[in-house]
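For reference, the structure discussed in these notes is given below.
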Amino acid sequence: MSGPIGPLTASGLRALTGDAAALPGPGGLGVRLAARLRELIRDAGALRPGTVLPPTRAAAAEFGVSRGVVVAAYEQLTAEGFLAGRQGSGTRVADLGAGARPAPKAPPPEEAARPGVPDLGGFPRGRWLAAYRQALTAMADGDLGYGDPRGHARLRTELAAHLRAFRGADTSPGALLVVGGAADGLTLLADTLAARGRPRIAVEDPSSPRAHALLRRRGLEVTGVPVDGEGLAVDALREPGRLGAVLLTPAHQYPAGIPLSAGRRHALVRLAREHGFLLIEDDYNGAFRYDREPPGCLQGLAPDVTALLGSVSKTLAPALRLGWLLAPPAWAPRLVHDRALTHPTGHTLDHLAFAHLLHTGDYTAHLRRTRRRYHSRRLHLTTELAAAAPHFTPLGTPGGLHLPVALPPWSREAEVLAAVRAEGYDVQGLGECALTPPPDRPGGGLVIGFAALTPAAITHLVGVAREAGGPPPPPGAPPPPR
């Protein structure tokens with residue numbers, strides 16, 4: 001079936017797509033309408049290059065939906081390169097070439113697809129500038145001095161209220177320590193563990209290679225604990241009496257993307273109290289869950305044995321170097337003492353600006369906006385995988401800024417990583433996150449950071465990974481060696 005070259009009426013568009021409310025697939029109406037239009041353009045040929053789509057108001061009236069649904073669908077496909085719009089000439093079907101799939105017009109940014117990197121273009125520059133102006137105007141002369149090593153009292157007050165309301169933390173302004181990010185707080189805790197004479201720390205296996213390196217650099221002995229569908233396998237903790245701490249990401253485990261189950265939380269807390277070790281909770285991606293409210297932090301359940309680490313690196317930008325450490329009361333004096341020695345003054349202007357964002361509600365509004373954006377990009381990634389690479393299996397729960405993906409059994413992680421990295425995508429391998437890297441063998445997986453990727457870049461990345469993964473073996477072929 002061929003579509004016309006020139007304007008398409010709203011009724012003609014509806015005849016091609018069917019009723020919007022009846023469109024199949026995941027996501028809202030806008031996502032499903034975009035998927036159907038993409039299919040008509042790319043696969044079915046029913047919408048030919050040059051076809052002018054009806055205005056959004058007319059199409060919305062014909063479909064019986066809000067105009068925003070159609071606007072969202074048009075904007076999504078324009079960003080992907082399937083549609084093109086010019087002032088005064090309407091929205092047209094783009095010329096993709098002979099069977100070509102759209103690709104990014106420019107190389108992806110340096111950190112594209114790196115797990116944990118937010119959409120840096122979405123940083124609220126205007127709000128941050130206004131908050132800086134407010135901080136400079138309202139700050140006292142004394143605020144320009146060395147200040148409190150725990151961080152400015154105004155920020156700790158606003159932050160304590162935010163963590164109680166949105167992360168279920170058990171905290172007060174006096175208990176918080178403002179640090180330069182989660183890694184800075186982890187360094188402070190590692191040094192204190194070593195000074196206490198209990199330098200053995202257990203970490204989730206797999207988990208962040210950077211965390212492994214940091215802990216070893218501070219002189220700690222790092223041991224791994226397996227992760228399964230409920231998070232850290234508490235029963236697999238060996239010699240808990242020798243542990244100084246356990247480092248974990250209970251809200252959204254990195255890289256598996258799963259929360260620590262309630263049963264595991266209670267079992268871990270009982271074990272920590274029995275053997276006197278510290279639970280170090282990296283609240284990694286705790287603000288981002290797309291199918292429900294994110295689980296509260298572990299610290300709220302057991303403040304006596306848990307140190308909570310958090311930052312704005314995933315919610316605002318890593319360049320701000322703003323984070324927090326909430327430790328048990330018995331740990332606080334040593335931490336504050338060490339902080340005063342190594343960081344005699346804080347970034348007071350940044351503290352006051354962030355406090356202003358928290359106080360006005362601009363920070364929580366920013367989180368709502370970014371959750372919607374990241375949910376849409378995650379959905380686009382899983383949809384592309386299902387359509388173009390169905391043998392690649394998404395893992396984990398709908399949350400966070402990365403998607404773990406299991407490769408088909410005939411693919412090799414190293415080969416797929418080499419291909420996507422050659423295209424500029426800083427994807428991590430699941431095998432690279434293991435405490436002891438596994439031998440090169442078929443299978444493995446990818447850890448794809450999707451928050452900073454445009455829809456076109458997601459489509460391109462999936463295509464590259466699919467090609468590098470290779471076709472499935474013919475029926476009856478022996479399975480690859482493992």
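Because only heavy atoms are used, hydrogens play no part in the values below, and waters and symmetry mates are left out as well, while side chains stay in. These figures come from a predicted structure and were not determined experimentally.
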Practice item. Evaluate the criterion side-chain contact (heavy atoms from CB on, under 4.5 Å) for residue pair V462 and L381; output intermediate values, then yes/no. Key: CA-CA 8 Å; V462 170; L381 176 55; 3.8 Å; yes
Review point. Mind checking whether T223 and L243 have side chains closer than 4.5 Å, heavy atoms only?
Key: yes
Check your understanding: Taking all atoms of both residues into account, what is the closest heavy-atom pair of R198 and P240, and its distance?
Key -> NH2-O, 4.2 Å
**Study point:** Euclidean distance, Q76 CD relative to T454 OG1, rounded to 0.5 Å
**Key:** 10.0 Å
**Study point:** side-chain contact (heavy atoms from CB on, under 4.5 Å) assessment of H351 paired with L322
**Key:** CA-CA 8 Å; H351 291 193; L322 269 173; 3.6 Å; yes
Review point. What residues form a ring-ring contact (aromatic ring centres under 6.0 Å, His included) with H252, not counting sequence neighbours?
Key: H402
Revision key, fill the gap. Correct closest heavy-atom pair for P206 and A434 would be CB-N, 4.0 Å
**Study point:** Sub-4.5 Å side-chain heavy-atom contact between L435 and V203
**Key:** yes
Please set out all donor-acceptor pairs under 3.5 angstrom arising from side-chain atoms of residues 175-197, sequence neighbours excluded.
unit_1: D184; atom_1: OD2; unit_2: G180; atom_2: N; d: 2.8
unit_1: D184; atom_1: OD2; unit_2: R339; atom_2: NH1; d: 2.7
unit_1: D184; atom_1: OD2; unit_2: R339; atom_2: NH2; d: 3.3
unit_1: T187; atom_1: OG1; unit_2: A183; atom_2: O; d: 2.9
unit_1: D191; atom_1: OD1; unit_2: R218; atom_2: NE; d: 2.9
unit_1: D191; atom_1: OD1; unit_2: R218; atom_2: NH2; d: 3.3
unit_1: D191; atom_1: OD2; unit_2: R218; atom_2: NH2; d: 2.9
unit_1: T192; atom_1: OG1; unit_2: L188; atom_2: O; d: 3.0

Practice item. For H337, check ring-ring contact (aromatic ring centres under 6.0 Å, His included) against everything at least two apart and list the hits. Key: none
Point to revise | Interatomic distance, K314 atom NZ to L367 atom CG [nearest 0.5 angstrom] | key: 13.5 Å
**Study point:** Pairs flagged by side chain to side chain donor-acceptor pair (under 3.5 Å) wherever residues 162-174 is involved - sequence neighbours left out
**Key:** R167-D283
Check your understanding: If you look at every heavy atom in L461 and A113, which pair is closest and at what distance?
Key -> CD1-CB, 3.8 Å
Review point. Are D362 and P124 close enough that some pair of their side-chain heavy atoms sits under 4.5 Å apart?
Key: no
Return all side-chain donor-acceptor pairs below 3.5 angstrom for residues 147-154, not counting sequence neighbours, or 'none' if the list is empty.
unit_1: D148; atom_1: OD1; unit_2: R150; atom_2: N; d: 2.9
unit_1: D148; atom_1: OD1; unit_2: R150; atom_2: NE; d: 3.2
unit_1: D148; atom_1: OD2; unit_2: R150; atom_2: NE; d: 3.2
unit_1: D148; atom_1: OD2; unit_2: R150; atom_2: NH2; d: 2.8
unit_1: D148; atom_1: OD2; unit_2: R156; atom_2: NH2; d: 3.3
unit_1: R150; atom_1: NH1; unit_2: G174; atom_2: O; d: 3.4
unit_1: H152; atom_1: ND1; unit_2: R154; atom_2: N; d: 3.0
unit_1: H152; atom_1: NE2; unit_2: D143; atom_2: OD1; d: 3.0

Check your understanding: Could you walk me through whether T370 and D119 pass the side-chain contact (heavy atoms from CB on, under 4.5 Å) check?
Key -> CA-CA 8 Å; T370 53; D119 181 1; over 6 Å; no
Point to revise | Worked verdict on L271 versus F277 for side-chain contact (heavy atoms from CB on, under 4.5 Å) | key: CA-CA 8 Å; L271 208 59; F277 59 77; 4.1 Å; yes
Pairs of donor and acceptor atoms involving the side chains of residues 260-267, under 3.5 Å and at least two apart or interchain, shall be tabulated with distances.
unit_1: S261; atom_1: OG; unit_2: E230; atom_2: OE1; d: 2.8
unit_1: S261; atom_1: OG; unit_2: R264; atom_2: N; d: 3.2
unit_1: R264; atom_1: NH1; unit_2: D228; atom_2: OD1; d: 2.9
unit_1: R264; atom_1: NH1; unit_2: G231; atom_2: O; d: 3.2
unit_1: R264; atom_1: NH1; unit_2: L232; atom_2: O; d: 2.9
unit_1: R264; atom_1: NH2; unit_2: D228; atom_2: OD1; d: 3.2
unit_1: R264; atom_1: NH2; unit_2: D228; atom_2: OD2; d: 2.8
unit_1: R265; atom_1: NE; unit_2: L260; atom_2: O; d: 3.4
unit_1: R265; atom_1: NH1; unit_2: G296; atom_2: O; d: 3.0
unit_1: R265; atom_1: NH2; unit_2: G296; atom_2: O; d: 3.1

Review point. In this structure, are over 12 heavy atoms from other groups packed under 6.0 Å from R210 atom CZ?
Key: no
Exercise for review: May I ask you to test the P118-P318 pair for a side-chain heavy-atom distance under 4.5 Å?
Suggested key: yes
For residues 301-309, run the donor-acceptor check on the side chains, cut-off 3.5 Å, and write out each pair with its distance to 0.1 Å, sequence neighbours left out.
unit_1: D304; atom_1: OD1; unit_2: R273; atom_2: NH2; d: 2.9
unit_1: D304; atom_1: OD2; unit_2: R273; atom_2: NE; d: 2.9
unit_1: T306; atom_1: OG1; unit_2: A302; atom_2: O; d: 2.8

Exercise for review: Identify, with sequence neighbours excluded, every residue that meets side-chain contact (heavy atoms from CB on, under 4.5 Å) alongside A465.
Suggested key: F392, V416, V420, L446
Review point. Quick check: does any side chain N or O of T397 sit under 3.5 Å from a backbone N or O of G399, one acting as donor and the other as acceptor?
Key: no
Point to revise | Nearest non-hydrogen partners of C297 and A169, listed with the distance | key: SG-CA, 3.7 Å
Review point. Are any of the side-chain heavy atoms of P209 and Q428 separated by less than 4.5 Å?
Key: yes
Review point. How far does CG of L23 sit from CG of L33, to the nearest 0.5 angstrom?
Key: 6.5 Å
Practice item. Rounded to the nearest 0.5 Å, what's the gap from OH on Y254 to OG on S207? Could you check? Key: 9.5 Å
Revision key, fill the gap. Residues A468 and A419: closest non-hydrogen pair is CB-CB, 3.4 Å
Exercise for review: Check for a donor-acceptor pair, side chain of W128 on one end and backbone N or O of F123 on the other, with a separation under 3.5 Å.
Suggested key: no
**Study point:** Side-chain (E281) to main-chain (Q299) donor-acceptor, under 3.5 angstrom
**Key:** yes
Practice item. Output all residues satisfying side-chain contact (heavy atoms from CB on, under 4.5 Å) with R368, sequence neighbours left out; order by chain, then residue number. Key: T364, A365, R371, R372
Check your understanding: Would the number of heavy atoms belonging to other residues, nucleotides or ligands and lying under 6.0 Å from NE2 of H347 be above 12?
Key -> no
Exercise for review: Answer yes or no: is there a donor N or O on one side and an acceptor on the other, between the side chain of R289 and the main chain of G286, under 3.5 Å?
Suggested key: no
Practice item. Under the salt bridge (Lys or Arg N to Asp or Glu O under 4.0 Å) rule, collect the residues that match up with D350, sequence neighbours excluded. Key: none
Exercise for review: Side-chain contact test, heavy atoms from C-beta onward, threshold under 4.5 Å: evaluate it for V312 versus Y363 and give yes or no.
Suggested key: yes
Exercise for review: Answer yes or no: is there a side-chain heavy-atom contact under 4.5 Å between I280 and I201?
Suggested key: yes
Check your understanding: Going from CZ on F450 to CZ on R377, what distance comes out if it is rounded to the nearest 0.5 angstrom?
Key -> 10.0 Å
Revision key, fill the gap. A73 and A34 have their tightest heavy-atom pair at CB-N, 3.8 Å
Revision key, fill the gap. Rounded to the nearest 0.5 Å, the CZ atom of R32 sits from the CG atom of L37 at a distance of 13.0 Å
Point to revise | Backbone N/O of T249 and side chain of E204: donor-acceptor pair under 3.5 Å | key: yes
Exercise for review: Answer yes or no: does atom CZ of R217 have more than 12 heavy-atom neighbours from other residues, nucleotides or ligands under 6.0 Å?
Suggested key: no
Practice item. Could you list all the ring pair (Phe, Tyr, Trp, His ring centres under 6.0 Å) pairs where at least one residue sits in residues 285-313, not counting sequence neighbours? Key: F288-Y374, Y290-H375
Practice item. With sequence neighbours excluded, give me every ring pair (Phe, Tyr, Trp, His ring centres under 6.0 Å) pair touching residues 180-228. Key: none
Review point. With a 4.5 Å limit on heavy-atom distance, are the side chains of Y425 and H460 in contact?
Key: yes
